[in-house]
Amino acid sequence: MSQSYNRGLIEDFGRWREFTAGMWAWIFHKFTGWVLVGYLFTHIAVLSTALTGEAAYTTTIQALESLLVVRILEVGLLAVAVFHILNGLRLLLVDLGVGLEAQDKSFYASLVLTGAIVVASVPTFVAEVL
Amino acid sequence: MAERYSSFQGGTQRWLWQRITAAFLVVVLAFHFFLLHFVNHASEVTFGMSEARMQTLTYFSLMILFLITATFHGVNGVYNALVNQGLTGQKLTAVKWTLIVASALLIVQGVRTALTWAGGVPI
Amino acid sequence: MSTQVPQAEETEEQPAEEKASVQEKRKQKKQERREKVERAKQTLEQERDLSGEDTYALKVFRYDPEVAAKQEPRFDEFHVPFHKGMTVLDALMYARDHYDASLTFRHSCRQAVCGSDALFINGRQRLGCQTQLSDLEQPVRIEPLPHQEVVKDLVVDMEHFYDQMEAVEPYFDAEETPEGEEQRQSRENHEKVKMSTRCIWCGACMSSCNIAAGDNQYLGPAAINKAYRFAMDEREGENRKEHRMEILEQEHGVWRCQTQFSCTEVCPKDIPLTEHIQELKREAVKSNLKFW
(Lines give C-alpha, C1' and ligand atoms only; values in the text may rest on other atoms or scores of the structure.)
Protein backbone atom coordinates (compact mmCIF):
# COMPACT_ATOMS: atom_id res chain seq x y z
CA MET A 1 0.00 0.00 0.00
CA SER A 2 3.05 2.19 0.05
CA GLN A 3 2.37 3.42 -3.44
CA SER A 4 -0.69 3.66 -5.57
CA TYR A 5 -1.47 4.71 -9.09
CA ASN A 6 -3.75 7.59 -9.93
CA ARG A 7 -5.44 7.01 -13.24
CA GLY A 8 -6.69 10.57 -13.21
CA LEU A 9 -9.63 11.51 -15.35
CA ILE A 10 -9.93 8.20 -17.14
CA GLU A 11 -13.53 7.74 -18.26
CA ASP A 12 -14.15 11.45 -18.46
CA PHE A 13 -12.83 12.30 -21.90
CA GLY A 14 -11.71 9.26 -23.84
CA ARG A 15 -14.83 7.27 -23.15
CA TRP A 16 -17.46 9.56 -24.56
CA ARG A 17 -18.91 6.73 -26.62
CA GLU A 18 -19.92 4.99 -23.43
CA PHE A 19 -21.64 7.99 -21.86
CA THR A 20 -25.27 7.43 -21.01
CA ALA A 21 -28.20 9.69 -21.85
CA GLY A 22 -28.21 11.42 -18.48
CA MET A 23 -24.55 12.29 -18.82
CA TRP A 24 -25.00 13.72 -22.30
CA ALA A 25 -27.96 15.74 -21.08
CA TRP A 26 -25.79 17.19 -18.36
CA ILE A 27 -22.92 18.00 -20.71
CA PHE A 28 -25.25 19.72 -23.19
CA HIS A 29 -27.05 21.58 -20.43
CA LYS A 30 -23.79 22.88 -19.00
CA PHE A 31 -22.46 23.83 -22.42
CA THR A 32 -25.63 25.66 -23.47
CA GLY A 33 -25.71 27.30 -20.06
CA TRP A 34 -22.20 28.69 -20.53
CA VAL A 35 -23.14 29.97 -23.98
CA LEU A 36 -26.30 31.63 -22.70
CA VAL A 37 -24.61 33.37 -19.78
CA GLY A 38 -21.86 34.54 -22.11
CA TYR A 39 -24.46 35.82 -24.52
CA LEU A 40 -26.34 37.60 -21.72
CA PHE A 41 -23.27 39.73 -21.03
CA THR A 42 -22.62 40.55 -24.69
CA HIS A 43 -26.30 41.17 -25.28
CA ILE A 44 -26.47 43.82 -22.58
CA ALA A 45 -23.21 45.31 -23.83
CA VAL A 46 -24.61 45.69 -27.35
CA LEU A 47 -27.96 47.00 -26.15
CA SER A 48 -26.31 49.58 -23.95
CA THR A 49 -25.12 51.42 -27.05
CA ALA A 50 -28.58 52.93 -26.64
CA LEU A 51 -27.07 54.94 -23.80
CA THR A 52 -24.95 56.90 -26.27
CA GLY A 53 -27.90 57.93 -28.40
CA GLU A 54 -30.69 56.90 -30.67
CA ALA A 55 -28.71 56.87 -33.91
CA ALA A 56 -25.75 54.97 -32.48
CA TYR A 57 -28.05 52.16 -31.30
CA THR A 58 -30.01 51.79 -34.52
CA THR A 59 -26.88 51.79 -36.69
CA THR A 60 -25.07 49.28 -34.46
CA ILE A 61 -27.95 46.81 -34.47
CA GLN A 62 -28.66 47.16 -38.16
CA ALA A 63 -25.00 46.83 -39.07
CA LEU A 64 -24.76 43.64 -37.04
CA GLU A 65 -27.99 42.22 -38.41
CA SER A 66 -26.91 42.76 -42.00
CA LEU A 67 -24.04 40.31 -41.54
CA LEU A 68 -24.69 36.70 -42.49
CA VAL A 69 -22.37 35.46 -39.72
CA VAL A 70 -24.48 37.20 -37.12
CA ARG A 71 -27.63 35.61 -38.53
CA ILE A 72 -26.05 32.18 -38.44
CA LEU A 73 -24.84 32.75 -34.91
CA GLU A 74 -28.39 33.72 -34.02
CA VAL A 75 -29.64 30.39 -35.31
CA GLY A 76 -27.02 28.78 -33.09
CA LEU A 77 -28.23 30.84 -30.20
CA LEU A 78 -31.78 29.75 -30.85
CA ALA A 79 -30.69 26.10 -30.84
CA VAL A 80 -28.82 26.61 -27.59
CA ALA A 81 -31.71 28.44 -25.95
CA VAL A 82 -34.36 25.97 -27.09
CA PHE A 83 -32.36 23.01 -25.88
CA HIS A 84 -31.66 24.67 -22.54
CA ILE A 85 -35.36 25.43 -22.12
CA LEU A 86 -36.56 21.95 -23.06
CA ASN A 87 -33.93 20.10 -21.08
CA GLY A 88 -34.53 22.56 -18.26
CA LEU A 89 -38.18 21.49 -18.21
CA ARG A 90 -36.99 17.90 -18.11
CA LEU A 91 -34.74 18.70 -15.17
CA LEU A 92 -37.55 20.48 -13.33
CA LEU A 93 -39.63 17.32 -13.68
CA VAL A 94 -36.70 15.24 -12.45
CA ASP A 95 -36.41 17.57 -9.45
CA LEU A 96 -40.08 17.06 -8.72
CA GLY A 97 -39.54 13.31 -8.92
CA VAL A 98 -41.75 12.96 -11.99
CA GLY A 99 -40.97 10.43 -14.70
CA LEU A 100 -37.51 9.44 -13.50
CA GLU A 101 -37.74 6.14 -15.40
CA ALA A 102 -38.22 8.04 -18.65
CA GLN A 103 -35.39 10.50 -18.12
CA ASP A 104 -33.43 9.17 -21.09
CA LYS A 105 -36.43 9.32 -23.39
CA SER A 106 -37.25 12.86 -22.34
CA PHE A 107 -33.65 13.84 -23.15
CA TYR A 108 -33.93 12.37 -26.64
CA ALA A 109 -37.28 14.10 -27.03
CA SER A 110 -35.80 17.48 -26.14
CA LEU A 111 -32.99 16.89 -28.66
CA VAL A 112 -35.37 16.00 -31.47
CA LEU A 113 -37.72 18.86 -30.66
CA THR A 114 -34.81 21.31 -30.56
CA GLY A 115 -33.71 20.12 -33.98
CA ALA A 116 -37.19 20.46 -35.41
CA ILE A 117 -37.76 23.95 -34.02
CA VAL A 118 -34.38 25.17 -35.24
CA VAL A 119 -34.79 23.80 -38.75
CA ALA A 120 -38.26 25.34 -38.98
CA SER A 121 -36.88 28.71 -37.85
CA VAL A 122 -33.95 28.99 -40.23
CA PRO A 123 -35.91 30.84 -42.95
CA THR A 124 -37.11 33.47 -40.49
CA PHE A 125 -33.60 33.99 -39.14
CA VAL A 126 -31.71 34.39 -42.38
CA ALA A 127 -34.41 36.35 -44.19
CA GLU A 128 -33.24 39.40 -46.16
CA VAL A 129 -29.52 38.80 -45.81
CA LEU A 130 -29.39 36.05 -48.37
CA MET B 1 -26.50 22.86 15.77
CA ALA B 2 -30.15 23.69 16.03
CA GLU B 3 -29.76 27.40 15.38
CA ARG B 4 -28.18 26.75 12.01
CA TYR B 5 -31.49 25.21 11.15
CA SER B 6 -33.55 28.32 11.80
CA SER B 7 -32.68 29.74 8.41
CA PHE B 8 -31.96 28.36 5.00
CA GLN B 9 -28.52 27.02 4.47
CA GLY B 10 -26.75 28.47 1.48
CA GLY B 11 -26.96 25.32 -0.58
CA THR B 12 -30.66 24.77 -0.02
CA GLN B 13 -31.58 28.35 -0.77
CA ARG B 14 -29.52 28.57 -3.93
CA TRP B 15 -30.87 25.25 -5.17
CA LEU B 16 -34.44 26.35 -4.66
CA TRP B 17 -33.95 29.76 -6.27
CA GLN B 18 -32.20 28.20 -9.22
CA ARG B 19 -35.38 26.16 -9.80
CA ILE B 20 -37.76 29.06 -9.22
CA THR B 21 -35.90 31.31 -11.64
CA ALA B 22 -35.71 28.39 -14.09
CA ALA B 23 -39.47 28.02 -14.14
CA PHE B 24 -39.85 31.76 -14.72
CA LEU B 25 -37.14 31.95 -17.37
CA VAL B 26 -38.49 29.04 -19.39
CA VAL B 27 -41.59 31.10 -20.09
CA VAL B 28 -40.03 34.54 -20.39
CA LEU B 29 -37.06 33.49 -22.52
CA ALA B 30 -39.39 31.72 -24.95
CA PHE B 31 -41.59 34.84 -25.07
CA HIS B 32 -38.56 37.10 -25.57
CA PHE B 33 -37.25 35.03 -28.46
CA PHE B 34 -40.66 34.80 -30.04
CA LEU B 35 -41.36 38.50 -29.78
CA LEU B 36 -38.00 39.70 -31.06
CA HIS B 37 -37.30 37.18 -33.77
CA PHE B 38 -40.64 36.01 -35.05
CA VAL B 39 -43.15 38.78 -34.34
CA ASN B 40 -40.63 41.57 -34.88
CA HIS B 41 -37.69 40.67 -37.05
CA ALA B 42 -34.24 41.32 -35.68
CA SER B 43 -33.22 43.23 -38.78
CA GLU B 44 -35.98 45.75 -38.28
CA VAL B 45 -34.98 46.65 -34.75
CA THR B 46 -34.70 50.37 -34.15
CA PHE B 47 -34.29 52.56 -31.13
CA GLY B 48 -37.83 53.77 -31.56
CA MET B 49 -39.42 50.35 -31.36
CA SER B 50 -37.57 49.43 -28.18
CA GLU B 51 -38.60 52.82 -26.82
CA ALA B 52 -42.26 52.13 -27.56
CA ARG B 53 -42.22 48.74 -25.84
CA MET B 54 -40.31 49.91 -22.81
CA GLN B 55 -42.74 52.70 -22.09
CA THR B 56 -45.36 50.18 -21.06
CA LEU B 57 -44.99 49.44 -17.36
CA THR B 58 -45.79 45.72 -17.75
CA TYR B 59 -43.15 45.21 -20.40
CA PHE B 60 -40.61 47.34 -18.59
CA SER B 61 -40.99 45.51 -15.29
CA LEU B 62 -41.02 42.14 -17.04
CA MET B 63 -37.71 42.96 -18.72
CA ILE B 64 -36.15 44.17 -15.47
CA LEU B 65 -37.25 40.98 -13.74
CA PHE B 66 -36.01 39.00 -16.72
CA LEU B 67 -32.60 40.64 -16.43
CA ILE B 68 -32.31 39.98 -12.71
CA THR B 69 -33.50 36.37 -12.80
CA ALA B 70 -31.39 35.54 -15.86
CA THR B 71 -28.30 37.02 -14.24
CA PHE B 72 -28.89 35.09 -11.03
CA HIS B 73 -29.64 31.86 -12.85
CA GLY B 74 -26.65 32.14 -15.14
CA VAL B 75 -24.10 33.30 -12.62
CA ASN B 76 -25.28 30.84 -9.99
CA GLY B 77 -24.99 28.12 -12.61
CA VAL B 78 -21.40 29.10 -13.30
CA TYR B 79 -20.64 29.10 -9.58
CA ASN B 80 -22.19 25.62 -9.20
CA ALA B 81 -20.18 24.32 -12.13
CA LEU B 82 -16.99 25.45 -10.43
CA VAL B 83 -17.94 23.87 -7.09
CA ASN B 84 -18.71 20.65 -8.98
CA GLN B 85 -15.24 20.77 -10.46
CA GLY B 86 -13.84 20.77 -6.96
CA LEU B 87 -12.91 24.44 -6.61
CA THR B 88 -12.70 25.30 -2.90
CA GLY B 89 -11.29 27.70 -0.35
CA GLN B 90 -9.80 31.05 -1.27
CA LYS B 91 -10.01 30.48 -5.00
CA LEU B 92 -13.71 29.81 -4.73
CA THR B 93 -14.23 32.90 -2.58
CA ALA B 94 -12.36 35.01 -5.11
CA VAL B 95 -14.45 33.62 -7.95
CA LYS B 96 -17.62 34.18 -5.95
CA TRP B 97 -16.93 37.87 -5.43
CA THR B 98 -15.85 38.36 -9.02
CA LEU B 99 -19.14 36.85 -10.13
CA ILE B 100 -21.13 39.00 -7.71
CA VAL B 101 -19.44 42.18 -8.93
CA ALA B 102 -19.90 41.19 -12.58
CA SER B 103 -23.59 40.49 -11.96
CA ALA B 104 -24.06 43.84 -10.23
CA LEU B 105 -22.42 45.67 -13.14
CA LEU B 106 -24.52 43.76 -15.64
CA ILE B 107 -27.75 44.57 -13.84
CA VAL B 108 -26.85 48.24 -13.42
CA GLN B 109 -25.96 48.56 -17.08
CA GLY B 110 -29.12 46.75 -18.14
CA VAL B 111 -31.37 48.86 -15.96
CA ARG B 112 -29.73 52.07 -17.20
CA THR B 113 -30.37 51.01 -20.79
CA ALA B 114 -33.98 50.17 -20.04
CA LEU B 115 -34.45 53.53 -18.34
CA THR B 116 -33.06 55.34 -21.38
CA TRP B 117 -35.69 53.75 -23.57
CA ALA B 118 -38.49 54.21 -21.10
CA GLY B 119 -37.41 57.76 -20.27
CA GLY B 120 -37.57 57.07 -16.56
CA VAL B 121 -39.68 54.51 -14.76
CA PRO B 122 -42.90 54.32 -16.81
CA ILE B 123 -45.52 54.75 -14.13
CA MET C 1 2.26 -12.34 -19.77
CA SER C 2 3.53 -13.46 -16.45
CA THR C 3 6.23 -11.85 -14.42
CA GLN C 4 5.99 -14.27 -11.56
CA VAL C 5 7.62 -17.63 -11.28
CA PRO C 6 7.04 -20.24 -8.60
CA GLN C 7 9.45 -19.35 -5.85
CA ALA C 8 9.27 -22.49 -3.76
CA GLU C 9 12.85 -23.47 -4.57
CA GLU C 10 14.35 -20.36 -3.08
CA THR C 11 14.63 -21.88 0.37
CA GLU C 12 16.83 -24.76 -0.76
CA GLU C 13 19.89 -25.36 1.41
CA GLN C 14 23.23 -24.43 -0.11
CA PRO C 15 26.89 -24.49 0.92
CA ALA C 16 28.32 -21.27 2.27
CA GLU C 17 31.35 -21.38 -0.02
CA GLU C 18 31.12 -20.83 -3.78
CA LYS C 19 28.18 -18.61 -3.07
CA ALA C 20 28.68 -16.52 -6.15
CA SER C 21 28.80 -19.37 -8.60
CA VAL C 22 25.87 -21.08 -6.95
CA GLN C 23 23.91 -17.92 -7.26
CA GLU C 24 24.90 -17.70 -10.85
CA LYS C 25 23.70 -21.23 -11.43
CA ARG C 26 20.47 -20.56 -9.67
CA LYS C 27 19.85 -17.53 -11.76
CA GLN C 28 20.43 -19.50 -14.88
CA LYS C 29 18.17 -22.27 -13.69
CA LYS C 30 15.52 -19.78 -12.86
CA GLN C 31 15.84 -18.21 -16.25
CA GLU C 32 15.51 -21.58 -17.92
CA ARG C 33 12.50 -22.43 -15.87
CA ARG C 34 10.94 -19.09 -16.67
CA GLU C 35 11.41 -19.66 -20.35
CA LYS C 36 9.97 -23.14 -20.06
CA VAL C 37 6.91 -21.84 -18.27
CA GLU C 38 6.54 -19.13 -20.85
CA ARG C 39 6.76 -21.64 -23.69
CA ALA C 40 4.26 -23.91 -22.04
CA LYS C 41 1.91 -21.00 -21.61
CA GLN C 42 2.28 -20.00 -25.22
CA THR C 43 1.44 -23.49 -26.44
CA LEU C 44 -1.51 -23.49 -24.11
CA GLU C 45 -2.60 -20.15 -25.49
CA GLN C 46 -2.24 -21.35 -29.05
CA GLU C 47 -4.30 -24.41 -28.32
CA ARG C 48 -6.97 -22.22 -26.90
CA ASP C 49 -6.86 -19.93 -29.86
CA LEU C 50 -7.35 -22.91 -32.12
CA SER C 51 -10.44 -24.07 -30.28
CA GLY C 52 -11.85 -20.62 -31.02
CA GLU C 53 -15.36 -20.18 -29.74
CA ASP C 54 -14.75 -22.01 -26.52
CA THR C 55 -12.40 -19.40 -25.13
CA TYR C 56 -13.00 -15.87 -24.05
CA ALA C 57 -10.38 -13.17 -24.44
CA LEU C 58 -9.81 -10.90 -21.45
CA LYS C 59 -7.75 -7.74 -21.38
CA VAL C 60 -6.82 -7.09 -17.81
CA PHE C 61 -5.29 -3.97 -16.31
CA ARG C 62 -2.01 -4.69 -14.55
CA TYR C 63 -0.08 -2.52 -12.16
CA ASP C 64 2.19 -3.32 -9.27
CA PRO C 65 4.45 -0.72 -7.69
CA GLU C 66 6.62 -3.45 -6.19
CA VAL C 67 7.46 -5.22 -9.45
CA ALA C 68 9.73 -3.31 -11.79
CA ALA C 69 8.06 -4.62 -14.94
CA LYS C 70 4.60 -3.60 -13.77
CA GLN C 71 5.28 -0.14 -12.42
CA GLU C 72 4.09 1.23 -15.70
CA PRO C 73 0.44 0.14 -16.04
CA ARG C 74 -0.35 -2.15 -18.94
CA PHE C 75 -2.97 -4.59 -20.20
CA ASP C 76 -2.40 -8.34 -20.20
CA GLU C 77 -4.38 -10.64 -22.41
CA PHE C 78 -5.71 -13.95 -21.13
CA HIS C 79 -7.67 -16.57 -23.04
CA VAL C 80 -9.93 -18.40 -20.70
CA PRO C 81 -11.90 -21.55 -21.58
CA PHE C 82 -15.54 -20.66 -21.59
CA HIS C 83 -18.39 -22.59 -20.10
CA LYS C 84 -22.03 -21.69 -19.97
CA GLY C 85 -22.89 -19.47 -17.04
CA MET C 86 -19.33 -18.26 -16.59
CA THR C 87 -19.01 -14.85 -14.97
CA VAL C 88 -16.24 -12.29 -15.29
CA LEU C 89 -15.11 -13.20 -11.79
CA ASP C 90 -14.96 -16.90 -12.75
CA ALA C 91 -12.80 -15.95 -15.72
CA LEU C 92 -10.47 -13.86 -13.58
CA MET C 93 -10.13 -16.66 -11.07
CA TYR C 94 -9.33 -19.08 -13.86
CA ALA C 95 -6.69 -16.76 -15.24
CA ARG C 96 -5.16 -16.34 -11.81
CA ASP C 97 -5.19 -20.04 -10.98
CA HIS C 98 -3.89 -21.24 -14.33
CA TYR C 99 -1.85 -18.49 -15.91
CA ASP C 100 -0.64 -15.91 -13.47
CA ALA C 101 -0.84 -16.33 -9.73
CA SER C 102 0.09 -12.69 -9.20
CA LEU C 103 -3.14 -11.40 -10.79
CA THR C 104 -4.76 -9.52 -7.95
CA PHE C 105 -8.42 -8.68 -7.37
CA ARG C 106 -10.85 -8.63 -4.48
CA HIS C 107 -13.63 -11.18 -4.20
CA SER C 108 -15.38 -13.11 -1.53
CA CYS C 109 -18.95 -14.35 -1.71
CA ARG C 110 -19.24 -14.65 -5.50
CA GLN C 111 -22.97 -13.95 -5.33
CA ALA C 112 -23.33 -10.15 -5.37
CA VAL C 113 -23.68 -9.84 -1.62
CA CYS C 114 -20.27 -8.88 -0.28
CA GLY C 115 -19.62 -6.04 -2.71
CA SER C 116 -15.91 -6.77 -3.10
CA ASP C 117 -15.60 -7.19 -6.84
CA ALA C 118 -16.93 -4.01 -8.39
CA LEU C 119 -14.81 -3.58 -11.52
CA PHE C 120 -14.76 -1.47 -14.64
CA ILE C 121 -15.78 -4.01 -17.26
CA ASN C 122 -16.08 -2.95 -20.89
CA GLY C 123 -16.38 0.68 -19.92
CA ARG C 124 -18.92 0.32 -17.18
CA GLN C 125 -18.94 -0.31 -13.43
CA ARG C 126 -20.26 -3.81 -12.73
CA LEU C 127 -19.81 -6.61 -10.24
CA GLY C 128 -17.52 -9.28 -11.66
CA CYS C 129 -19.58 -12.04 -10.08
CA GLN C 130 -22.86 -10.72 -11.44
CA THR C 131 -21.74 -10.18 -15.02
CA GLN C 132 -22.09 -13.01 -17.52
CA LEU C 133 -19.22 -13.28 -19.98
CA SER C 134 -21.70 -14.17 -22.69
CA ASP C 135 -23.27 -10.71 -22.37
CA LEU C 136 -19.98 -8.99 -23.19
CA GLU C 137 -18.15 -8.17 -26.36
CA GLN C 138 -14.64 -9.57 -26.76
CA PRO C 139 -12.02 -8.83 -25.70
CA VAL C 140 -13.50 -8.18 -22.30
CA ARG C 141 -11.68 -5.19 -20.91
CA ILE C 142 -11.33 -5.42 -17.16
CA GLU C 143 -10.02 -2.42 -15.26
CA PRO C 144 -10.04 -1.23 -11.67
CA LEU C 145 -12.79 1.22 -10.70
CA PRO C 146 -12.13 4.68 -12.17
CA HIS C 147 -11.61 7.71 -9.95
CA GLN C 148 -9.94 5.69 -7.23
CA GLU C 149 -6.27 5.10 -6.83
CA VAL C 150 -5.02 1.71 -7.94
CA VAL C 151 -3.15 -0.22 -5.29
CA LYS C 152 -2.39 -3.28 -7.39
CA ASP C 153 -3.89 -4.70 -10.60
CA LEU C 154 -7.66 -4.51 -10.08
CA VAL C 155 -7.53 -3.48 -6.44
CA VAL C 156 -8.38 0.15 -5.69
CA ASP C 157 -8.04 2.15 -2.52
CA MET C 158 -11.55 2.31 -0.98
CA GLU C 159 -10.55 4.47 1.98
CA HIS C 160 -12.16 7.66 0.67
CA PHE C 161 -15.38 5.81 -0.14
CA TYR C 162 -15.56 4.43 3.40
CA ASP C 163 -14.85 7.88 4.84
CA GLN C 164 -17.82 9.29 2.96
CA MET C 165 -20.01 6.41 4.12
CA GLU C 166 -19.01 6.98 7.73
CA ALA C 167 -19.64 10.72 7.44
CA VAL C 168 -23.38 10.09 7.26
CA GLU C 169 -23.39 7.97 10.44
CA PRO C 170 -24.54 4.80 8.73
CA TYR C 171 -26.12 3.05 11.73
CA PHE C 172 -29.57 2.84 13.23
CA ASP C 173 -29.77 5.17 16.19
CA ALA C 174 -33.23 5.63 17.66
CA GLU C 175 -33.86 8.23 20.33
CA GLU C 176 -36.10 5.94 22.32
CA THR C 177 -36.01 2.18 22.50
CA PRO C 178 -39.22 0.45 23.53
CA GLU C 179 -38.66 -1.69 26.57
CA GLY C 180 -38.62 -5.42 26.28
CA GLU C 181 -39.89 -5.64 22.76
CA GLU C 182 -38.63 -5.49 19.27
CA GLN C 183 -38.35 -2.19 17.53
CA ARG C 184 -41.16 -2.67 15.07
CA GLN C 185 -41.34 -0.87 11.77
CA SER C 186 -44.56 -0.35 9.89
CA ARG C 187 -44.97 -2.25 6.67
CA GLU C 188 -45.31 0.98 4.65
CA ASN C 189 -42.20 2.47 6.18
CA HIS C 190 -40.28 -0.67 5.44
CA GLU C 191 -41.41 -0.56 1.83
CA LYS C 192 -40.16 3.01 1.64
CA VAL C 193 -36.62 2.24 2.73
CA LYS C 194 -36.46 -1.30 1.34
CA MET C 195 -34.50 -0.55 -1.81
CA SER C 196 -32.06 1.70 0.02
CA THR C 197 -31.18 -1.08 2.47
CA ARG C 198 -29.86 -3.22 -0.35
CA CYS C 199 -26.59 -1.32 -0.64
CA ILE C 200 -23.54 -3.59 -0.46
CA TRP C 201 -20.91 -0.83 -0.32
CA CYS C 202 -19.30 -1.92 -3.57
CA GLY C 203 -18.52 1.65 -4.65
CA ALA C 204 -19.71 1.26 -8.25
CA CYS C 205 -21.99 4.31 -8.01
CA MET C 206 -19.35 6.57 -6.52
CA SER C 207 -16.91 5.52 -9.22
CA SER C 208 -19.42 6.28 -11.98
CA CYS C 209 -20.25 9.73 -10.62
CA ASN C 210 -18.83 12.57 -12.63
CA ILE C 211 -19.26 15.04 -9.78
CA ALA C 212 -17.69 12.82 -7.12
CA ALA C 213 -14.71 12.60 -9.46
CA GLY C 214 -14.30 16.38 -9.53
CA ASP C 215 -15.41 17.34 -6.05
CA ASN C 216 -13.61 15.19 -3.55
CA GLN C 217 -15.76 16.42 -0.69
CA TYR C 218 -19.04 15.35 -2.29
CA LEU C 219 -20.67 12.68 -0.14
CA GLY C 220 -21.55 10.65 -3.21
CA PRO C 221 -24.56 8.51 -4.09
CA ALA C 222 -23.83 5.56 -1.79
CA ALA C 223 -23.45 7.68 1.33
CA ILE C 224 -26.53 9.76 0.52
CA ASN C 225 -28.52 6.60 -0.08
CA LYS C 226 -27.33 5.27 3.24
CA ALA C 227 -28.42 8.48 4.93
CA TYR C 228 -31.78 8.17 3.15
CA ARG C 229 -32.22 4.69 4.60
CA PHE C 230 -32.02 6.07 8.15
CA ALA C 231 -33.50 9.54 7.65
CA MET C 232 -36.63 7.95 6.22
CA ASP C 233 -36.85 5.34 8.97
CA GLU C 234 -39.64 6.60 11.22
CA ARG C 235 -38.36 4.73 14.25
CA GLU C 236 -35.39 7.02 14.67
CA GLY C 237 -37.41 10.08 15.69
CA GLU C 238 -37.60 13.72 14.59
CA ASN C 239 -34.43 15.08 16.18
CA ARG C 240 -32.35 12.36 14.72
CA LYS C 241 -33.81 13.03 11.31
CA GLU C 242 -33.04 16.74 11.62
CA HIS C 243 -29.46 15.92 12.45
CA ARG C 244 -29.22 13.62 9.45
CA MET C 245 -30.70 16.29 7.18
CA GLU C 246 -28.13 18.78 8.43
CA ILE C 247 -25.35 16.53 7.21
CA LEU C 248 -27.04 16.13 3.85
CA GLU C 249 -27.81 19.81 3.37
CA GLN C 250 -24.21 20.90 3.36
CA GLU C 251 -22.73 22.40 0.24
CA HIS C 252 -21.10 19.07 -0.60
CA GLY C 253 -24.15 17.02 0.29
CA VAL C 254 -27.24 16.43 -1.84
CA TRP C 255 -26.92 19.71 -3.80
CA ARG C 256 -23.94 18.47 -5.74
CA CYS C 257 -26.02 15.77 -7.44
CA GLN C 258 -26.57 16.84 -11.05
CA THR C 259 -29.04 14.07 -11.89
CA GLN C 260 -26.89 12.43 -14.53
CA PHE C 261 -28.34 9.07 -13.42
CA SER C 262 -24.94 7.38 -13.81
CA CYS C 263 -25.14 5.89 -10.31
CA THR C 264 -28.65 4.57 -10.83
CA GLU C 265 -27.59 2.92 -14.07
CA VAL C 266 -24.60 1.10 -12.66
CA CYS C 267 -25.96 0.06 -9.26
CA PRO C 268 -25.75 -3.76 -9.20
CA LYS C 269 -28.55 -3.88 -6.63
CA ASP C 270 -30.89 -1.68 -8.70
CA ILE C 271 -31.23 0.96 -6.00
CA PRO C 272 -32.95 4.07 -7.40
CA LEU C 273 -30.16 6.29 -6.12
CA THR C 274 -31.03 9.44 -8.06
CA GLU C 275 -34.63 9.18 -6.93
CA HIS C 276 -33.54 8.96 -3.30
CA ILE C 277 -31.18 11.92 -3.63
CA GLN C 278 -33.92 13.98 -5.29
CA GLU C 279 -36.37 13.12 -2.54
CA LEU C 280 -33.86 14.27 0.06
CA LYS C 281 -33.40 17.58 -1.76
CA ARG C 282 -37.14 18.21 -1.66
CA GLU C 283 -37.22 17.08 1.96
CA ALA C 284 -34.49 19.61 2.79
CA VAL C 285 -36.39 22.42 1.10
CA LYS C 286 -39.64 21.46 2.81
CA SER C 287 -38.17 21.29 6.28
CA ASN C 288 -36.45 24.62 5.73
CA LEU C 289 -39.62 26.29 4.50
CA LYS C 290 -41.32 25.23 7.73
CA PHE C 291 -38.79 27.21 9.72
CA TRP C 292 -38.63 30.13 7.40
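What's counted below: heavy atoms across the whole structure, side chains too, no hydrogens, waters or symmetry copies. In what follows, chains are A, B, ... by sequence order, proteins preceding strands, each numbered from 1. Note that this is a predicted model, so its numbers are computed, not measured.
- Aromatic rings from B:Phe72 and B:Tyr79 are positioned such that their centres are separated by 6.0 Å or more.
- Taking both residues in full, the closest heavy atoms of B:Val45 and A:Gln62 are given as O-NE2, 3.3 Å, listed atom of the first, atom of the second, then distance.
- The two residues B:Met54 and B:Ala118 come nearest to each other via the heavy atoms O-CB, 3.5 Å.
- Contacts of A:Leu92 with chain B are made by side-chain atoms alone, with heavy-atom separations under 4.5 Å and no backbone atom involved.
- With A:Thr49 contributing its side chain and A:Ala45 its backbone, the two residues share no donor-acceptor pair below 3.5 Å.
- At a 4.5 Å heavy-atom cutoff, A:Leu64 makes no contact with chain B through either its backbone or its side chain.
- Contact of A:Ile61 with chain B is made through the side chain alone, with heavy-atom distances under 4.5 Å.
- A 4.5 Å side-chain heavy-atom check between A:Asp104 and A:Thr20 finds every atom pair outside the cut-off.
- When heavy atoms are compared at a cutoff of 4.5 Å, A:Tyr57 approaches chain B solely by way of its side chain, counted from C-beta outward.
- Interface remark: A:Leu86 contributes no atoms to any contact with chain B (heavy atom separation under 4.5 Å).
- Taking A:Asp95, A:Leu78, A:Leu47 one by one and counting their heavy-atom pairs under 4.5 Å with chain B, the maximum is reached by A:Asp95.
- In this structure, the ring of A:Phe31 has its center no less than 6.0 angstrom from the ring center of A:Trp26.
- Looking only at distances, a side-chain donor or acceptor of B:His73 sits under 3.5 Å from a matching main-chain atom of B:Gln18.
- For B:Asn76, no part lies near chain A; criterion is any non-hydrogen pair under 4.5 Å.
- Listed for the A:Arg90 side chain is no donor-acceptor partner under 3.5 Å among the backbone atoms of A:Ser106.
- Counting heavy-atom pairs under 4.5 Å between each of A:Thr58, A:Leu77, A:Leu51, A:Leu36 and chain B puts A:Leu51 at the top.
- Contacts of B:Thr71 with chain A are made by both backbone and side-chain atoms, with heavy-atom separations under 4.5 Å.
- At a 4.5 Å heavy-atom cutoff, B:Ala114 makes no contact with chain A through either its backbone or its side chain.
- Ranked by heavy-atom pairs under 4.5 Å with chain A, the list B:Val27, B:Leu106, B:Thr116 is led by B:Leu106.
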